[in-house]
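In what follows, chains are A, B, ... by sequence order, proteins preceding strands, each numbered from 1. Only heavy atoms go into these numbers, but all of them, side chains included; no hydrogens, no water, no symmetry mates. On a predicted model such as this, the values are computed, not experimentally measured, just so you know.
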Amino acid sequence: MEFRKAHIGVAMDSGQSNHTPNSTRESEPLDVQPLRTLAPMFPSSYGVNTFSVPGGAPFIYVTPSGPNFPSPTAPTHLPPFATPQQASTMRPRVGQPPASANGAPQSVNSNGSVRHTTYATPLATVIPVDDDSEPITGGHTTASGRQTKQPMHSSSHKIRKSGTGSSAGSKAKPSKKRLQRIRNNDFALVPSCQDPRESVEIVLMTFDALRRRLLQQDESKEGKDGNRRPDLKAGTVLMTNDLRANMGKRIGAVPGVEIGDIFYFRMELCLVGLHAPSMGGIDYMTSTFENGDDTVAISVVSAGGYENEEGDVDELIYSGQGGNTNVDQKLERGNLALERSLHRSIDIRVIRSAKDYTCPTGKIYIYDGLYKVQESWVEKGKTGFNVFKYKLLRKPDQPVGIATWKKIQKWKDNPGSRGGIILRDISLGIENIPVCLVNEVDNEKGPSHFEYVTKVKYLKPLSSLKPLECCKCLTVCLPGDGSCTCAHANGGNLPYSSSGFLVSRKPIIYECGATCSCSINCRNRLTQKGITIQFEVFKTPNKGWGLRSLDPIRAGTFICEYTGELVEKVGLDNEDAEDDDYIFQEAGADDKALKWNYGPELLGEPSVDSSNGSRGPLPFSISANKMGNISRFINHSCSPNVFWQQVLHDHSDEGNPHIMFFAIKHIPPMAELTYDYGLNIGVGSHMPKQCLCGSPKCRGLFG
DNA sequence: GCGCCGTCAATTTG
DNA sequence: CCAAATTGACGGCG
């Protein structure tokens with residue numbers, strides 16, 4: 001499922017942007033109307049791409065004949081820069097170094113070779129990153145311990161006897177019996193990849209997909225014999241199948257995990273190799289030093305259960321483990337290990353936590369990088385018993401971590417303290433939540449003029465489109481209710497969980513509509529209610545304007561709709577659209593790279609191909625050139641964090657579905673939101689654009 | 001000395 | 001508030 005959209009792709013810091021007149025924007029009266037036209041902030045000529053190969057001739061693309069150009073990988077006419085693969089090898093890295101999730105610089109994989117995604121031999125599913133790049137901080141430390149059960153590395157993958165779990169002994173619990181390793185030919189979904197970041201993301205996405213599915217099953221079973229803890233169950237399934245990254249403990253950074261990454265379950269920390277204990281707050285290992293072996297602490301989770309003090313962002317007072325309200329803590333296990341890490345000056349990974357305000361019971365874990373234990377002491381806790389205390393100090397020169405959260409909190413508490421604000425609400429009151437327009441990069445005063453609309457403008461009046469079938473559910477639709485016609489339309493299950501997350505990608509989703517008898521609180525009315533997240537349109541360093549969120553976003557969260565005007569599909573005979581920088585269009589038939597709900601095989605369910613199904617390509621495009629919403633600012637990336645999903649809610653014309661964006665993975669606050677525009681080769685006079693996404697998987701071109 | 005168990009600590013989650 | 005749940009450390013035994 002590829003699609004294309006052109007966008008501002010010219011490097012803005014190339015000097016040309018200084019032509020920007022800055023006198024155009026006038027302050028506007030803020031009377032709120034349903035549809036509102038923004039005053040011109042910018043001459044509309046601005047933002048038009050003049051696309052050229054760096055240092056060379058303008059990019060010229062030879063159009064293959066025919067509208068149905070077969071495949072991007074087997075072109076019959078080679079353009080000057082041929083295939084995306086070739087382009088990516090020839091193209092020098094342009095623009096900024098890739099940014100980590102929170103916008104801070106991130107280490108670039110120096111291996112510039114083209115990456116081929118191959119499918120793993122089954123079982124060798126996730127490639128644990130080997131220790132060749134092992135960060136050693138303690139002199140002659142090795143990250144292997146005699147006492148530590150040392151998991152194997154990729155090269156020597158031990159294959160367990162099928163069905164022999166760790167507890168196959170006399171007292172095997174019955175539940176374990178079902179958790180058999182998936183046999184070879186049953187599971188070939190997870191691509192083998194050299195990129196540790198990709199390994200980590202695949203593990204996390206699979207975990208959450210399984211978790212959501214287990215929760216969905218649980219919710220429809222009316223609590224009877226359900227999966228009480230879908231998170232643990234999903235974790236066990238992945239563990240049993242060795243579907244994890246970075247097996248084996250290590251001191252220091254974990255490949256593929258970046259500072260600022262967020263997690264929603266302890267199990268996730270475990271699966272990516274960040275923090276092994278599924279519950280304990282202190283992880284430690286035995287390492288070999290020049291003067292012998294020693295057991296040192298390697299990571300801590302500051303979960304708030306203890307009397308940890310959150311003061312300075314670079315400082316953490318961590319309480320030891322053990323003891324309780326009527327027992328002294330002892331200098332053993334984690335406490336002892338922290339003491340040793342103090343003396344040996346070992347790097348400690350710190351995972352801090354925050355309350356999830358979108359889900360008050362929840363907690364978010366944030367990887368905050370490496371700390372060192374500076375001092376330790378014993379003090380009396382609140383109940384009068386001894387508690388060990390460790391003062392950890394964050395190492396300098398690391399990307400911003402938890403400080404981003406504190407900064408955002410400050411902005412929320414005191415909006416006046418936010419710098420770089422151009423407009424408090426680019427939607428001028430139309431959206432549920434104001435969308436701030438900010439520029440902290442240069443002095444450009446805003447994107448070119450457009451009309452902010454929250455709905456798609458159809459070619460035909462809505463009333464002429466076929467209405468949806470309606471359900472007769474009282475108050476709200478519930479899973480497991482066999483009489484709900486809307487659940488039936490979605491294949492039997494409601495597509496969203498009770499807390500409002502998409503469970504899995506589908507060819508199309510039928511939400512409840514105006515004629516359904518359920519209320520607006522029905523969970524099957526998720527996307528029709530508009531945005532629920534605090535977004536921000538911001539100036540990127542090199543990709544024009546972009547979209548990001550001040551709130552953390554969990555995988556499966558509804559982001560927004562792609563609104564604009566429906567137009568005929570951009571093709572050979574649509575000249576106008578070629579100049580349109582804001583087109584949403586499906587480019588190809590399917591997209592193997594995005595099987596968001598992959599992994600049903602792990603639960604013994606048949607695999608489904610949701611990416612295209614029997615539905616043909618979308619017959620239309622949406623132009624957000626003249627009118628649109630925040631979605632028009634979402635830039636392209638070859639490693640996106642957002643995908644689109646077809647949804648119906650106000651009519652049943654499957655030829656005109658709504659395009660709704662959802663989060664592919666957990667997205668930390670302030671990370672730019674991106675989706676994959678696809679690569680539309682051979683359609684009309686259309687020219688793909690040079691990609692600046694910086695992903696190791698970058699195709700080099702998009703659009 | 002090695003590997004296989006069984007037990008235990010830890011504490012998250014609903 | 002409490003119970004159920006899981007991994008890995010640890011220690012004993014063969």
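- Looking at the side chain of A:Thr236, the nearest of the listed nucleotides C:dT6, C:dC10, B:dT12 is C:dT6.
- The 12-atom threshold is exceeded at NZ of A:Lys529, counting heavy atoms of other residues, nucleotides or ligands nearer than 6.0 Å.
- Qualifying ring pair (Phe, Tyr, Trp, His ring centres under 6.0 Å) partners for A:Phe501, counting only residues two or more places apart in sequence or in other chains: none.
- Taking the ring axis of A:Phe643 as reference, the NZ or CZ atom of A:Arg505 does not stay both within 45° of it and closer than 6.0 Å to the ring centre.
- The nearest whole Å value for the distance from the CG atom in A:Asp231 to the C1' atom in B:dG14 is 10 Å.
- Rounding to whole angstrom units, CD of residue A:Gln321 and P of C:dA9 are separated by 12 Å.
- Contact between the side-chain N/O atoms of A:Lys249 and the OP1/OP2 oxygens of C:dT7 is not found at any separation under 4.0 Å.
- Atoms NZ (A:Lys363) and P (B:dT11) sit 11 Å apart, rounded to a whole Å.
- Rounded to whole Å, atom C1' of B:dA9 lies 14 Å from atom CG of A:Asp283.
- More than 12 heavy atoms of other residues, nucleotides or ligands lie within 6.0 Å of NZ in A:Lys412, so this atom counts as buried by the packing criterion.
- Taking atom CG of residue A:Leu336 and atom C1' of nucleotide B:dA9, one finds them 15 Å apart after rounding to whole Å.
- Heavy atoms of A:Gly281 sit under 4.0 angstrom from primed sugar atoms or phosphate atoms, though from no base atom.
- Between A:Arg333 and A:Tyr365, the residue whose closest nucleotide on DNA chain B is further toward the 5' end is A:Arg333.
- When the ring pair (Phe, Tyr, Trp, His ring centres under 6.0 Å) test is applied to A:Phe558, the partners found at least two apart in sequence or on another chain are A:Phe662.
- What separates CG of A:Leu269 from P of C:dT7 is a distance of 14 Å, to the nearest Å.
- In this structure, of C:dT7, C:dG8, C:dC10, it is C:dT7 that holds the atom nearest to the side chain of A:Ser278.
- The 5' end of DNA chain C is approached more closely, in terms of each residue's nearest nucleotide, by A:Met279 than by the other of A:Met279 and A:Ala276.
- If you take CZ of A:Phe207 and C1' of C:dT7, they are 14 Å apart, rounded to a whole angstrom.
- In this entry the distance linking CG of A:Asn246 with C1' of C:dT7 reads 17 Å, nearest Å.
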